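For reference, the structure discussed in these notes is given below.
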Amino acid sequence: MSARRLTALGVGLDGAASGPKPRAAFVGALAIALGTSGAARAGTFDAAGDYRLADDAIATIDFTKAPERYIPADADASCQDPMFTAVMGDDAIEGGSYITLKVNSNCAERFLFPLPKKQASYRASVWMRHGALAANVFLGYADGSGLDDLSVQLTPTGRTTSDGWVELASNAFPADGTKLARAYLKVVDYASRAGVDVDAFEVREEGEFVAQKDCAGLGDPVCGAEQVCVYNRCVFGPAAVPVLPADVVKNDVVDVLESQVRLFFGGKLSRAEYLPDAIARFEKMREAKTAWEFWSLWAAGIHALHDWHTDTNMGIAGTVRAKHRLNVCFFEGDADRSHDTWPTEAGHADILVSHVGGDGTAGLHPGDRLLAVDGMPPLVWAASLAGSDWGFHIATDPAIEADLAEALGGPWWGGGLVIRYAHDITVLRCGANGDCNGIPETIAIADLPNDGSSPDVACDNRPLYHFDAANNPDPTKHYVFDTFFRGAIAGTDPSEKIYGMVWDTLWGANDPNSSVNAQISQAILDWKANARGVILDHRAGNGGTLDAATNLTRLVRPPGVVAVTRMPMEIAGFDGPKDAAEGLAIFDDAKALTPYNVGADDWAQDLPVALILHRDGSASDYMPYGMKGAPRVRLFGPHPTAGAFSTYIELRGWGPLYWQIASGDTIGADGSSLIGHGVVPDVVVLPKQSDLIAGKDTLFEAALAWVRQELTP
Amino acid sequence: LKRAAVLAGIAIAIAGCTVPGEGINPAPVPPADAGSPGSDGGAHDAGARKRTVMQRNPFGNVAETENLLWDGDFEWFSAFSDQYGWLAGSSAATLDFTFKDVRVGAACRSGIKCAGLAKKQLIAGIGVASQGNKIEASFWAHLEMGECPMVKAYLVGWYSKTDPDVLLHATAMIPDAEGWCHYDTIVDARQEKPLLLIQNMTGGDVVIDDAVVKKAPMTTSLLAAHGPLTAEAVAMIEDARAAVAKLRGPHDAPPNEARRAYERWKQR
């Protein structure tokens, strides 16, 4: 195994420590008290209030005549006709005309503009009014150019007019005009039924050109401070983030962002364990000198909150194409066939191949073992992405790594961390004879082809399905998502009457007649009428709403209140009950107001129900919490659930910048705070390497064995 | 006080540019960089000018950093949010995570975004309690017609009547010259997290911005009228509480094919 270790993760995210900047310091920068950093202005206004495009604008879009549109070849038929009208009028901000944009659902307008055939750096701006406008400049490079496309976000600068116009602008971005196939302004209107007015698009040369470079995984210094290595290409970070707040307001912006987590974030464990680290990272934002540094530090702070419901995203990799494919899913397991030569990494489960797609698999098979990523234990490597991966996702329970394991493999839209960020992986293949003690093989990601016609396989921690083929999810895809699959367990005797359900969502939407609740309710009716045993397979529990969790518990226990929800956050900055007595007082106070109700009077008192878990959070925490301890229930899983016993509130900047903050806690009937404490399975069992090689599903086999011995007479 | 003094100095120094810390002087008085040499435009000529230009903070009203509302000035709203810090409904009974009516630009009192509220509609800001502290609740509303008290606002308990439901006062009967009404009330310490309910009872659209719920010094005099609310208001508040009670717990919509299609669409 390679001894190389990544030591430079967190590109641009971990600047020098610094304290708050004194407020008085901003008095100096008064000449232009902008809300954003000191980028040169685009056009200016004349004495009459008309906007004049910058004298040095090198590209504009002329809205006095029909702008040249670009329509992607695969655009939907509903996106073909122009979705704007030209308006001639004195209220144009520039030039006597503008367009009113009103695009159809899932469509966009794309207006082409020329760029010089040279390598240069530019800044784009546009004006809009009424509603809001999602706007980005798209640089599409010619096939064979060796360059990735670039999408550049435009966000408000703060310049507005009394008649409603609002300026959007990009950060400076590089363009290689010698290899461009097209450049266009892509716009989508929203928040106005009448459409959004658009005018005065201009592009000015500004900044220094930065060439696209190949890179060998995250942390490759070739990318520098303003780029991040994604899919083996240095991606230009500033293109994806808002402008940098001006010095005069930067501290205030940091204060506001920081207060969002200080006042509203989390519950007892998550505030105690994670909040201080996040605040420390936010503090570094005060010294940020670039937009990318500022927003990257902020994202690192959000990820430091280490919470299943706390996420951020902004799509930096949106236009960078995956150049390689690894159509393989990994999960945590017990590499019982290879421990003699490769012991388990202390503190982490082994990582095994769960299942693979039809091609693009690097020759890997279920049971093969992932020993290292970039020379690091796989889960250590995945956790290290917190400072760099804007889509980083992790369980609230500090001991749970299932989300990281699941995200290692799979497609770009559902995991794919290895393909996106790694330089190489080290695997241990098992031979046809079941021997897994061979010589490890290091595979460079750059050596993996990006071909194959089989579907992308999704990772759901289920190596196999166990109904008849007609009732199973498609095993070539593993696309369970929001679908319910039910049936009799294949291979069991009809007289055993063992039935099961495979599903991932508990999105009951607080509606007893919703699709999810209707399907759960119908399943309960069917099982009560026909089953002698039930196996529930919820190994990729994506959560949902509390009502669906409650609904399923109606099968297994009498009515009761097992916990109370206290969310979103009740009291600003509440650090949770000091002790069980205070927790009990909260439980008693809230029992009638916000109960987590479970059970039903007509529950199936004799029916054995096995619940198989693996990567489960939120409502998928509540459901096993509500089932655990019921007389005829056994929970099977490799470790506790995510411990995401809260809800969240979403916040968004302009464009794709997005974050959500977990807020609140859940208090059990014993007065304990539940957040960060996943539900411990009754039977802790890891998928075994030997079973995977033999085509067996360890967790399912354990559940089936228990149900069989407990069958309703 | 220190911040106010500094900002006042800025205002003097740049004579005409909108102050960046908009909580101190948030009114979109259009001083216009059109009249400011070195920025946009030349001499000030109010008679001929078709528009004025102002500089807003694109990150909103950042002057208040201890706001107990999740997003009092609506700057962090997006139409794509599933679970935002404001609820909306055509009635109190229909309050849900459906707030969508965002306004952008000069219509707002501060920053870039604010809320539109059509007549008879209702929005509710989600807040947190500050136990042991008096609370000051305030916001601004821009009216097309009617008098300020026709925008009804209440600070109410999320769950129960443990805390009194308080009607917020308009500080004037009629809107100011720019059409804005200010509502500002100090209430006693509360035990439960509050909802800031705002209902448009005027005959036209209303714009809401700069809502702040914050701790008030304990020495501050209470300014709320704690008298009984009308029966209609009591019923409306009960409906609101019943509606938000349904929203408790997590809300995690499942990933699906549509989401993946959207991700692909975003790529080009």
Side-chain angles (χ1 to χ4, degrees), chain A residues 23-24 27 30 32-36 44-49 72 106 129 132 156-164 166 190-191 245 248-249 252-253 255-256 259 263-264 315 318-319 413 481-482 505 507 510 542-546 565 568-572 593-594 618-619 647 649-652, chain B residues 6 9-10 13-14 17 20-21 30 34 39-43 45 48-59 62 65-66 68 70-71 76 78-79 81-85 102 104-106 112 126 128-131 159 193 246 248-256 260 263 265-268:
Chain A
R23 295 295 166 75
V27 175
L30 300 182
I32 304 174
L34 298 177
T36 56
T44 56
F45 287 85
D46 63 18
N106 293 325
R129 70 174 178 182
T157 65
R159 196 156 58 151
T160 63
T161 73
S162 55
D163 56 341
V166 173
Y190 61 94
V248 291
V249 294
D252 293 330
V253 175
D255 286 345
V256 167
S259 76
L263 298 178
F264 305 123
T319 56
W413 46 263
F481 302 140
D482 53 355
T505 183
W507 180 247
N510 297 309
N542 292 322
T545 47
L546 203 56
T565 60
M569 179 73 90
E570 304 290 333
I571 301 164
L593 298 173
T594 56
S618 192
T647 189
I649 294 290
E650 291 175 272
L651 301 161
R652 286 178 181 257
Chain B
V6 171
I10 295 172
I14 58 179
C17 288
S39 59
D40 290 339
D45 182 355
R49 199 166 59 198
K50 72 168 65 169
R51 61 176 60 87
T52 53
V53 187
M54 62 200 88
Q55 181 65 40
R56 296 292 183 85
N57 183 347
F59 305 101
V62 294
T65 59
E66 294 292 326
L68 301 177
W70 273 83
D71 186 18
W76 309 113
S78 161
S81 293
D82 293 324
Q83 195 159 301
Y84 173 60
V102 68
V104 175
I112 300 295
I126 301 173
V128 288
S130 180
Q131 276 190 333
Y159 302 113
K193 65 182 172 188
K246 296 176 185 171
R248 66 191 170 82
H251 290 72
D252 298 294
N256 56 35
R260 287 166 45 214
E263 294 294 334
W265 174 87
K266 283 200 305 184
Q267 287 190 299
R268 55 175 170 68

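Reminder, nothing fancy here: chain letters follow the sequence lines and each chain counts from 1. These numbers come from a predicted model, not from an experiment. For the numbers below, each heavy atom of this structure counts, side chains included, while hydrogens, waters and symmetry mates do not.
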Worksheet item: If you count heavy-atom pairs under 4.5 Å with chain A, which of B/S78, B/S130, B/G85 comes out on top?
Response: B/S78
Worksheet item: What part of A/Y190 is in contact with chain B, defined as an atom under 4.5 angstrom from a non-hydrogen atom: side chain, backbone, both or neither?
Response: side chain
Item to complete: Return the set of residues passing salt bridge (Lys or Arg N to Asp or Glu O under 4.0 Å) with B/D82 (not counting sequence neighbours), or none when no residue passes.
Response: none
Worksheet item: Who passes salt bridge (Lys or Arg N to Asp or Glu O under 4.0 Å) against A/R129, sequence neighbours left out?
Response: A/D91, A/D197
Fill in: Segment of B/I126 engaging chain A (4.5 angstrom heavy-atom cut-off)
side chain
Worksheet entry | Reported OH-to-CZ distance for the pair B/Y159 and B/R248, which is rounded to 0.5 angstrom | 9.0 Å
Worksheet entry | Heavy-atom donor-acceptor pair, A/T160 side chain to B/G105 backbone, under 3.5 Å | no
